[in-house]
Number of protein chains: 2
Amino acid sequence: MRNRRALLIETPTERAVRSDVQRNRALLLEAAASVFSERGVDASLEEVARRAKVGIGTLYRHFPTREALLVAACDDRLLALAQQSRDYAGTPVRALARFFERIVDHASMYRGLAESFGMVLQSGSPGCHATTEEGRRLLERAQREGEVKSDISIDDVLAMTAAISIAASQSADDEKRIGRLVQMLVDGLRPRLGPSASAKPGGGGKRVISRRTRGG
Amino acid sequence: MRNRRALLIETPTERAVRSDVQRNRALLLEAAASVFSERGVDASLEEVARRAKVGIGTLYRHFPTREALLVAACDDRLLALAQQSRDYAGTPVRALARFFERIVDHASMYRGLAESFGMVLQSGSPGCHATTEEGRRLLERAQREGEVKSDISIDDVLAMTAAISIAASQSADDEKRIGRLVQMLVDGLRPRLGPSASAKPGGGGKRVISRRTRGG
DNA sequence: CCACGATACGGAGGCTTGCTCCGTTTTAAT
DNA sequence: ATTAAAACGGAGCAAGCCTCCGTATCGTGG
C-alpha cells in the first residue's frame, strides 16, 4: 500500500511514529480491502484482523469504528476518481454524467458499500473532500454555461448520486439501470426550456429559471 | 359427515386455522410495530417476542426472517398509501410528485426502514403490489398526456424513490431535502422540450424521445 | 550497546443477538 | 373424552462486537 505520510501534526516534543504502527495500519487496510471485497462491508472485523495477522485490539485501536475502517479502505480510490475526472472531455453535462457514473461504480466496489456511501462522502477524508470539490467544479462550470439550473447544490446532487448507487445495487438484475438513472438525474438538472444553441460560454449565468414552483 | 365445517374451506382435508395462530400473529405484529418505532428496524427480535409475550420460536415460525416481519409490519400503511393517492388533485405530474413524497415519508416510518425499503417494494405483499400498481397508473397517465417521457419504467422510478428515501434519511439535518430530491427526480422524468399545452388523450406512447444515448 | 519509559500489541472474556431444535402444550375434530 | 396434528416455548449454541490489561516492542538517551 501507499506510503502514507504522517498527517499534519508534528510537534517537536513528540516521538516519531513507531514502525509497527505504520506496518499494522497498512496490513489492516490491505486485509480490509480483501475481506470487504469477498464478503461485503458487513464482514466480520475479526476476520479482517485475522487476515492482517494482528489482534482484534490493534484493529480497534487504529480504526475505532467500522465506518472509520471503511472510509480508510475507500479513500485511495476516491482520490483517484477525483483526479481522473479532470481528463473528461465533452460538454460540461457529459462530463458531469461521466463523473456521476464513476462515483456509482465506485460505490459498488464492495457489496453493501452503496448504503454507507452517503456517510463516506461526509466523512471529511481526503478522498471525500477531493471528490466533493471536483463535483462542485464540474457542476458550477455547467451552471455558468447555462447547461444546468442555477439553484442546484452539489450536496443535493451528491446525495442523489449516492441514492442512485443504492438503487442500482439493490437490483443486480439490470445492468443498464445505472445508466438510465444517471441520465434521469442529469435530465433533471437541466433548465426546463432547451438550452438552444444560444448558450454562450462567455455569459455569466444565464438565468433560465425553471418556472416550476413547489407548493401547489 | 366428516368435515361439515370444511365446506367453508377450500380443501376438505385441511383443518381450520387455529385460534392461537391468529392471536399470536396479531400480537407479534403489534409488538413489532411498537419495537421498530422505538428502536428502529434493527431492534432485537427477542425484544419483539418478549413484548408480544410469545416465545422466540413462535416469532420465527410466523416470520422466518426479519424481512418477512418488517414487510408484514409495513403492509397496512402501504395499502393505505396506495388508496389515498386516488384523491390527489392537480396535474398528473403534481400527483406523481405527491405520490413519491408520500412513499418517502412512509419509508421513514421506522428508523432504518429506508435502507430496506427497496426490498419491501419487491416483496410481493398486498401493500407492495397495490403501491406498485398505483404508481404505474399515475406514471402511465402522465405519459399518455405527454407530461413524462414515454421510455421511463415504473420499476426505475420506484427504485429511485426508494433510493431517495435512503439519501434523505442519511441527512436528517435538512428537512427540505426530500422535497428537493423528489423535485429533481420529477424534473428528470419530463420531456426535454416543454409540454405542448395540448394534452392528447388519444395518442398512445408519444415518442418525445430524448436523443441522448449512452456510450460515446 | 544497553536500559528504560512510552507506546502499541494481543486475545481472553463478557455481552448481545440470531436462529434452531425438540420436548411439551394447545387445538380442532371425532 | 380421545387423539393426532399443529403450534408453542425457551434452552442452547454459534457468531460477532468491543473492552481491558498484562505483555511485548520500539525509539531514545546514556
Side-chain angles (χ1 to χ4, degrees), chain A residues 4 6-7 9-32 35-36 38-70 72-73 111-112 116, chain B residues 1-32 35-36 38-70 72-73 110-112 116:
Chain A
R4 209 157 270 289
L7 299 183
I9 331 143
E10 186 109 15
T11 345
T13 62
E14 293 193 4
R15 296 185 150 222
V17 180
R18 277 172 61 154
S19 60
D20 50 350
V21 171
Q22 288 177 285
R23 174 174 42 84
N24 284 335
R25 186 188 154 89
L27 286 172
L28 279 166
L29 284 178
E30 201 170 347
V35 170
F36 287 159
E38 282 175 29
R39 310 216 203 260
V41 300
D42 291 327
S44 159
L45 294 188
E46 317 230 346
E47 170 72 20
V48 173
R50 217 173 299 132
R51 205 170 296 192
K53 297 197 167 69
V54 305
I56 185 67
T58 299
L59 183 150
Y60 277 98
R61 198 169 319 103
H62 281 264
F63 305 101
T65 66
R66 178 183 294 272
E67 282 70 35
L69 179 58
L70 187 56
R111 179 158 32 89
S116 310
Chain B
M1 326 189 173
R2 63 121 84 96
N3 282 333
R4 266 183 190 138
R5 307 288 294 270
L7 290 177
L8 299 173
I9 304 176
E10 317 170 45
T11 321
T13 59
E14 288 188 7
R15 283 169 101 100
V17 179
R18 282 173 58 154
S19 60
D20 51 349
V21 171
Q22 288 177 284
R23 174 174 41 84
N24 285 335
R25 186 188 154 90
L27 287 172
L28 279 166
L29 283 179
E30 201 171 344
V35 171
F36 287 159
E38 282 176 29
R39 308 214 202 262
V41 302
D42 291 328
S44 159
L45 294 188
E46 317 231 339
E47 170 72 21
V48 173
R50 219 173 297 130
R51 203 171 294 193
K53 296 196 167 71
V54 305
I56 186 66
T58 299
L59 184 151
Y60 276 99
R61 199 170 316 102
H62 281 264
F63 305 101
T65 66
R66 178 183 293 273
E67 282 71 35
L69 179 58
L70 187 57
Y110 307 131
R111 179 156 35 88
S116 311

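The shown structure was predicted, so the numbers you read here are calculated from the model rather than taken from an experiment. Lettering of chains follows the sequences in order, A, B, ..., and the numbering in each one begins at 1.
A:Leu69 has its CG atom 12 Å from the P atom of D:dC18, to the nearest Å. To the nearest angstrom, C1' of C:dT16 lies 14 Å from CG of B:Asp42. Taking atom CG of A:Asp20 as the reference point, atom P of C:dA6 lies 17 Å away to the nearest angstrom. If you take CG of A:Leu59 and P of C:dA8, they are 15 Å apart, rounded to a whole angstrom. Rounded to a whole Å, the CG atom of B:Leu45 is 9 Å from the C1' atom of C:dT17. To the nearest angstrom, C1' of D:dA7 lies 13 Å from CG of B:Leu28. Atom CD in B:Gln22 sits about 16 Å away from atom C1' in D:dC8, given to the nearest Å. Separating the CD atom of A:Glu46 from the C1' atom of D:dC18 is a distance of 9 Å, rounded to the nearest angstrom.
Nearest-nucleotide mapping onto DNA chain D: of A:Arg50 and A:Ile56, the residue sitting toward the 5' end is A:Arg50. Sequence order on DNA chain C of the closest nucleotides to B:Tyr60 and A:Val21 puts A:Val21 first from the 5' end. Between B:Ser19 and B:Glu47, the one whose closest nucleotide on DNA chain C sits nearer the 5' end is B:Glu47.
The 12-atom threshold is not exceeded at CZ of B:Arg39, counting heavy atoms of other residues, nucleotides or ligands nearer than 6.0 Å.
Side-chain contact between B:Arg66 and B:Leu69: absent, with no pair of heavy atoms (C-beta onward) separated by less than 4.5 Å. Looking at heavy atoms from C-beta onward, B:Arg25 lies out of side-chain contact with B:Gln22 at the 4.5 angstrom threshold.
Minimum heavy-atom separation, A:Leu28 to A:Val54: CD2-CG2, 3.7 Å.
The side chain of B:His62 contributes an N or O atom lying less than 4.0 Å from OP1 or OP2 of D:dC8. Between C:dG18 and B:Ser44, a contact under 4.0 Å exists linking OP1 or OP2 to a side-chain N or O. For B:Arg61 and D:dC8, the shortest distance from a side-chain N or O to OP1 or OP2 is below 4.0 Å. Within the structure, every side-chain polar atom (N or O) of A:Asn24 is placed at least 4.0 Å from both OP1 and OP2 of C:dA8. For C:dG10, the OP1/OP2 oxygens have a side-chain nitrogen or oxygen of A:Thr58 closer than 4.0 Å.
Nearest to the side-chain atoms of B:Val54 among the listed nucleotides D:dG9, D:dC8, D:dT19 stands D:dG9. For B:Arg18, taking side-chain heavy atoms from C-beta onward, the closest of the listed nucleotides D:dG16, C:dG18, D:dA6 is D:dA6. When the nucleotides D:dG27, C:dC9, C:dG18 are ranked by their closest atom to the side chain of A:Ala16, D:dG27 comes out on top.
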### Query
Where do B:His62 and B:Asn24 land on the side chain to side chain contact (heavy atoms under 4.5 Å, CB included) test, with the steps shown first?
CA-CA 9 Å; B:His62 281 264; B:Asn24 285 335; 4.0 Å; yes
